Participant: 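Below: one structure in structure tokens.
Given the structure is predicted, the values throughout are model-derived calculations rather than measurements. Note that the numbering runs from 1 along the sequence shown for the chain.
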Amino acid sequence: MQTSPFRLSWVAVELAVVLSTSADANIPIISGRTYVSERAKVTVTGSFQINEDIAFNDKASYSDGEMTWLQYGVSGAETPDLLVTASPDEVGIIAGRGKPTVKS
């Protein structure tokens with residue numbers, strides 16, 4: 001598998017393009033598809049830290065014609081994971097490690 005340190009940069013550029021596109025523009029819809037492999041270099045600093053290459057999760061990644069979900073790692077696992085979502089209306093990037101918790 002190939003490591004792609006530029007994947008998050010590409011997503012950031014795509015995010016900028018989506019956010020700068022007017023609502024009246026004709027945004028092409030991604031056809032339904034599946035994905036096979038890739039890796040993402042993820043670096044997070046702040047309240048928690050991640051600095052790892054994360055393997056692509058092909059079973060949890062797909063496009064349905066309206067939205068695309070690209071999952072790296074396994075959501076909720078103790079190892080780091082990354083979810084990138086994209087649609088004509090929004091782009092999301094979520095990095096995490098372990099199950100979400102709420103402190104009371």
Participant: Sequence neighbours excluded and cut-off under 3.5 Å, please list the side-chain donor-acceptor pairs for residues 74-83, or say none.
Facilitator:
none

Participant: Which heavy-atom pair separates I54 from Y72 by the least distance, and what is that distance?
Facilitator: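 Reported closest heavy-atom pair: CG2-C, 3.4 Å.
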Participant: Taking only Lys NZ, Arg NE, NH1 and NH2, and the carboxylate oxygens of Asp or Glu, determine whether E52 and R97 approach each other closer than 4.0 Å.
Facilitator: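 Salt bridge flag = yes for R97 with E52.
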Participant: Looking only at heavy atoms, which two atoms of V42 and A95 are closest? And how far apart?
Facilitator: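 Closest heavy-atom pair between V42 and A95: CG1-CB, 4.5 Å.
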Participant: Set out, in order, the CA-CA distance, both residues' side-chain angles and the distance that settles side chain to side chain contact (heavy atoms under 4.5 Å, CB included) for W69 and D64, then state yes or no.
Facilitator: CA-CA 9 Å; W69 292 264; D64 68 0; 3.6 Å; yes
Participant: Evaluate the side chain to side chain contact (heavy atoms under 4.5 Å, CB included) criterion for residues N51 and K41: first the C-alpha distance (whole Å), next the side-chain angles of each, then the deciding distance (0.1 Å), finally the verdict.
Facilitator: CA-CA 7 Å; N51 187 15; K41 172 66 176 162; 2.6 Å; yes
Participant: Closest heavy-atom contact between E66 and S87?
Facilitator: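 In this case the closest contact between E66 and S87 is O-CB, 3.5 Å.
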Participant: Check whether any side-chain heavy atom of E90 sits under 4.5 Å from a side-chain heavy atom of M67, and report yes or no.
Facilitator: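 Yes, close enough: below the 4.5 Å cut-off.
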Participant: Using side chain to side chain contact (heavy atoms under 4.5 Å, CB included), reason through Y62 and L70 one step at a time and then give a plain yes or no.
Facilitator: CA-CA 7 Å; Y62 64 97; L70 300 175; over 6 Å; no
Participant: For the atom pair CD (E38) and CG (N57), what is the distance rounded to the nearest 0.5 Å?
Facilitator: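 Spacing of CD (E38) from CG (N57) equals 13.5 Å.
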